[in-house]
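Shown next, in structure tokens, is the structure this report addresses.
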Amino acid sequence: MSESHQQPALARCPGCEEPPASGDLFCGACGYDLSAVPSRPDDRPTLPIGVPPGAPTAAVEWPAASETDSSDVPAPTHRATDLPGTDSGGNLLPTTPPAPRGTPAAPPSPTPATADATADVDSAPDASGAVNTASTPDTPDASAAPGITPAADPDDTPGIPEPPDASGDFTLAAPDPRTTEPAPAPPNAGAKVCVACRSGRVDPDGYCENCGHAQPRERDHMEEELGSVAAVSDRGLRHHRNEDSFAVSSTALPDGSPAVVAIVCDGVSSASRPDEASAAAASAANEALLESLPRGTHPQQAMHEAIIAAAEAVNALAQDPSGAAEHEAHRRQNAPACTLVGAIMAGGLLVVGWVGDSRVYWVPDDRSGPPARLTEDDSWAAQMVAAGLMNEAEAYADERAHAITGWLGADAYELEPHTAAFKPDRPGLVVVCTDGLWNYAESAEEMAAAVPPEAHRSPLRGAQVLVGHALDGGGHDNVTVALLPFAVEPQGAGSSPGSESAGTTV
């Protein structure tokens with residue numbers, strides 16, 4: 001790591017010639033970076049590069065010139081005593097190329113010696129103080145300055161003129177900040193950099209500490225397509241983060257037939273770390289199914305065990321409070337919680353499982369057939385309807401309708417996973433979603449109307465359309481949906497294609 005040294009005050013700004021105030025790091029008139037201008041040390045003895053101390057030195061012959069600058073003022077002069085030969089510690093500057101990056105470097109004040117020497121020779125003054133730049137050779141005379149190696153002429157590099165400092169001497173100016181894109185200040189190790197200003201550090205809340213810009217999160221919008229299953233999750237328009245999560249996967253049963261899985265979880269916003277809860281539950285349930293299905297476990301039993309595994313994963317979060325983010329320190333610290341709903345297509349069966357109020361819908365490819373809802377909510381409204389105290393319209397119009405009575409979490413009531421198995425007799429589409437979607441298409445008929453006709457051929461596109469339907473409706477909640485096209489083998493003579501039910505419970 002290089003050390004920073006405080007630069008002495010400059011008499012005039014190299015960019016605009018205005019006198020800066022004492023202690024200014026940037027010019028108040030043009031914004032020039034004053035700290036980037038190297039200052040000339042008080043003592044820079046002139047020694048030819050590569051000549052040992054005490055060896056006889058040769059005088060440098062300065063060619064004469066009579067040019068003036070654009071303002072008809074005689075050009076400033078360099079003095080022979082200004083040729084750099086040693087660093088600030090009195091050590092000879094090397095003639096070899098600069099050391100690789102990462103090795104200690106000389107202080108920033110002297111510029112590379114070969115470039116300085118060439119620049120000084122190219123604009124050498126005579127006794128009258130004029131500088132000749134027209135007749136000066138590109139390289140100095142070796143007899144005049146033994147050991148000086150040729151260097152690129154700094155005048156060949158585009159840049160701004162180099163105005164004199166208070167003593168009348170030239171200094172090599174830093175790149176003009178008005179024409180050079182400033183390099184961002186290096187952020188702290190491991191810290192995220194703002195996508196807007198490219199220099200500020202992102203705080204734990206997801207905002208830039210420099211410009212205040214809100215940063216996009218990885219989970220704000222997620223999409224995944226895996227063969228015949230696809231899922232899309234979006235933060236919505238009102239929430240500051242996405243507390244939903246999903247997992248889609250496929251595996252094979254022992255007989256080699258395929259099994260397709262979709263898990264959707266919705267974090268409980270009133271709980272702590274709901275985004276972590278939903279992610280942990282979706283991952284744990286998916287991993288449990290990928291382990292049990294290939295062993296030959298019945299899909300309905302596998303779903304039950306997967307929900308238990310998901311509950312244990314969420315419970316474990318409550319035992320590790322260190323995972324709580326700083327921005328949740330002010331919130332009521334209760335156990336992380338989420339809901340879960342999942343579907344498995346395997347061996348001609350459609351198995352669903354759930355805890356909470358996320359849902360599964362069945363939409364037949366032939367829209368003349370009836371759609372159906374395959375889950376029952378763990379909610380206050382569902383309990384009122386089941387008890388006969390309210391009809392469905394009255395219950396879901398109540399402000400308590402979405403209060404859930406079942407969830408995954410350490411403070412949940414006794415866990416009662418729900419599972420059901422169906423054997424559809426016709427092809428269709430399985431819609432697995434959170435209430436962020438079904439709030440805008442609650443009945444099976446409304447959901448079927450929102451599903452695009454081509455969704456069974458392009459499930460990812462269908463999921464994108466359904467998320468857009470929720471956003472167009474207001475996007476008050478996070479929105480997550482997974483689509484699984486269900487194919488049915490051709491039916492034999494004993495089939496009943498005109499059956500009115502979407503499936504039969506096994």
Side-chain angles (χ1 to χ4, degrees), residues 219 231 233 242-249 251 259 261-295 297-324 328 331-344 346 351-360 374-380 382-383 402-421 432-436 477-478 480 482:
R219 288 177 60 174
S233 182
N242 189 358
E243 297 169 355
D244 288 357
S245 189
F246 68 81
V248 294
S249 60
T251 186
V261 173
I263 302 293
V264 169
C265 296
D266 184 355
V268 178
S269 296
S270 58
S272 302
R273 300 149 62 193
D275 52 335
E276 297 180 34
S278 62
S283 177
N286 184 60
E287 291 177 3
L289 290 171
L290 292 180
E291 181 180 350
S292 60
L293 290 173
R295 293 201 312 258
T297 306
H298 190 281
Q300 192 166 358
Q301 178 64 28
M303 177 62 79
H304 180 92
E305 294 173 356
I307 295 176
I308 298 296
E312 291 174 351
V314 178
N315 292 349
L317 294 177
Q319 302 169 9
D320 183 22
S322 61
E328 290 198 331
R331 298 181 60 174
R332 178 170 170 257
Q333 294 298 308
N334 49 7
C338 70
T339 66
L340 180 148
V341 65
I344 303 172
V351 174
V352 299
W354 73 97
V355 173
D357 61 349
S358 294
R359 295 179 176 181
V360 177
L374 306 183
T375 58
E376 293 293 336
D377 298 343
D378 288 324
S379 69
W380 180 90
Q383 284 190 344
H402 290 280
I404 57 176
T405 58
W407 62 89
L408 305 181
D411 59 356
Y413 302 126
E414 183 178 355
L415 180 62
E416 296 181 3
H418 309 289
T419 62
V432 185
C433 65
T434 62
D435 60 345
D477 199 356
N478 306 143
T480 303

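Side chains are part of it too, since the values below use all heavy atoms of this structure and drop only hydrogens, waters and symmetry mates.
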Side chains of Asp378 and Thr405: is there a donor and an acceptor less than 3.5 Å apart?
-> no
Test item: side-chain donor near acceptor, Ser233 and Asn242, under 3.5 Å = yes
State, to 0.1 Å, how close Val355 and Pro417 come at their nearest heavy-atom pair, and which atoms those are.
-> CG2-CA, 3.8 Å
Rounded to the nearest 0.5 Å, how far does NE2 of His418 lie from OG1 of Thr375?
-> 9.5 Å
Passes side chain to side chain contact (heavy atoms under 4.5 Å, CB included), Asp477 versus Thr434? Steps please.
-> CA-CA 9 Å; Asp477 199 356; Thr434 62; over 6 Å; no
With sequence neighbours left out, the residues meeting ring pair (Phe, Tyr, Trp, His ring centres under 6.0 Å) with His304 are none
Heavy-atom closest pair, residues Ala288 and Ala306 | CB-CA, 3.9 Å
Here the pair of heavy atoms bringing Asp357 nearest to Arg359 is O-CG, 3.8 Å
Of all heavy-atom pairs linking Ala247 and Ala282, the shortest is CB-O, 3.8 Å
Expected output: side-chain Ser283 to main-chain Ala279 donor-acceptor under 3.5 Å | no
For the atom pair CD (Glu243) and CZ (Arg273), what is the distance rounded to the nearest 0.5 Å?
-> 13.0 Å
Should Val261 and Leu293 count as side-chain neighbours, where that means a heavy-atom distance under 4.5 Å?
-> yes
Are the side chain of Thr297 and the backbone N or O of Ser292 linked by a donor-acceptor pair below 3.5 Å?
-> yes
Residues at least two apart in sequence or cross-chain that pass side-chain contact (heavy atoms from CB on, under 4.5 Å) with Ala284, listed by chain then number, are Ala313
Going by atom types only, do Asp244 and Thr480 share a side-chain donor-acceptor pair under 3.5 Å?
-> yes
Looking only at heavy atoms, the pair that brings Ala482 and Ala262 closest together is CB-CB, 3.9 Å
Shortest non-hydrogen contact from Ala277 to Val314?
-> O-CG2, 3.6 Å
Ile307 side, atom CD1; Ile263 side, atom CD1 - distance, nearest 0.5 Å | 7.5 Å
When you measure from the side chain of Ser278 to the backbone N and O of Asp266, does any donor-acceptor pair fall under 3.5 Å?
-> no
Which value, rounded to the nearest 0.5 Å, describes the distance between Trp354 atom CH2 and Glu376 atom CD?
-> 7.0 Å
Between CD1 on residue Ile344 and CE on residue Met303, distance to nearest 0.5 Å | 4.0 Å
Mind checking the CD1-CH2 spacing from Ile404 to Trp380? Nearest 0.5 Å is all I need.
-> 15.5 Å
Indicate whether any N or O donor in one side chain lies under 3.5 Å from an N or O acceptor in the other, for Ser249 and Asn286.
-> yes
